[in-house]
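Comments concern the structure below.
Worth saying up front: this structure is predicted, and the values here are computed from it rather than measured. In listed order, ligands and their atoms are each counted from 1.
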Amino acid sequence: MKKIDAHAHVGEFGGWANVSITPEELIKQMDDFEIEKTILCAQPNDLCLKTRDAYPERIIGLVYPNPYDGEKAVDEIYDYVQNKGFKGIKCNPLRHAYVADSEVMDPIMKAAEDLNIPVFMHSGHAPYSLPWSIGLLAERYPKVNLVMIHMGHGHGVYIDAALKMAKRYPNIYLEMSGMPMPSKIKEAYETIGHDRIMFGTDAPFHPAAVEAQKVLSSGLDEKAMEDVFYNNAAKLMKLI
Ligand SMILES: [Zn+2]
């Protein structure tokens with residue numbers, strides 16, 4: 001079944017993670033798992049740009065700013081979207097140490113609204129990236145589509161909160177990489193709406209084989225799996 005990977009990285013991640021993936025290895029994984037396109041982020045942004053330029057039909061670029069850079073972060077967003085063809089913004093409150101709904105995000109969200117592009121935000125780690133804070137951010141910016149990457153991640157209470165926030169705020173989308181419960185994929189599809197939950201790998205942090213198997217084990221029928229694997233990300237990114 002053809003797929004879009006709604007969240008992946010390239011590069012080296014040392015320290016506790018000790019994982020890495022090159023652009024070539026990512027494309028190989030995409031070929032092996034029928035992943036037509038990947039929504040990619042990297043730091044530095046230039047690595048994502050080089051990867052997208054090497055594989056323009058396969059890679060959708062997200063610009064990954066540090067909101068604490070202020071005006072420089074906003075300039076970077078406009079440059080990458082208007083001049084380099086990137087299609088969204090990636091934010092990680094855990095990496096840059098800000099609470100998801102803090103004021104430091106305001107210029108970023110205003111740029112996203114102005115450019116009419118989605119914001120992909122890491123979720124699942126207290127105190128910075130909890131689903132409730134992402135909900136408060138979505139509430140302040142109802143016109144910006146906000147993708148809650150990992151839909152709460154590994155903690156059952158956070159996963160439940162991710163579903164609750166998505167039910168409450170129609171501009172929240174859920175991406176499932178690293179979230180361990182296939183049953184929650186079906187529950188999200190059935191209770192928050194058919195078009196707001198998406199497959200992703202978080203390469204190189206999780207293997208595509210495991211992430212795909214979660215959808216296949218979720219109990220969704222074939223039409224629903226097509227939505228989760230492909231159609232929903234395609235619609236969000238205006239590919240169809
Ligand atoms: Zn990630």
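- In Arg168, the CZ atom is not crowded: 12 or fewer heavy atoms of neighbouring residues, nucleotides or ligands sit closer than 6.0 Å.
- Near-neighbour remark for the Zn ion (ligand 1): protein N, O or S atoms under 2.8 Å are His7 NE2, His9 NE2, Asp202 OD1; waters not counted.
- Judged as a ring-ring contact (aromatic ring centres under 6.0 Å, His included), and not counting sequence neighbours, the contacts of His155 are Tyr158.
- Grouped with Tyr173 in one hydrophobic cluster are Ile4, Ile39, Ile60, Leu62, Phe120, Val147, Ile149, Met198, Tyr230, Leu236, Met237, Leu239, the linkage being side-chain heavy-atom contacts under 4.5 Å among Ile, Leu, Val, Met, Phe, Trp and Tyr residues.
- Within the cation-pi definition used here (under 6.0 Å to the ring centroid, within 45° of the axis), Lys186 does not qualify as a partner of Tyr189.
- Residues satisfying the ring-ring contact (aromatic ring centres under 6.0 Å, His included) test with Phe205, not counting sequence neighbours, are His9, Phe13.
- Nearest approach of Gln29 to Ala203, heavy atoms of both residues: NE2-CB, 3.8 Å.
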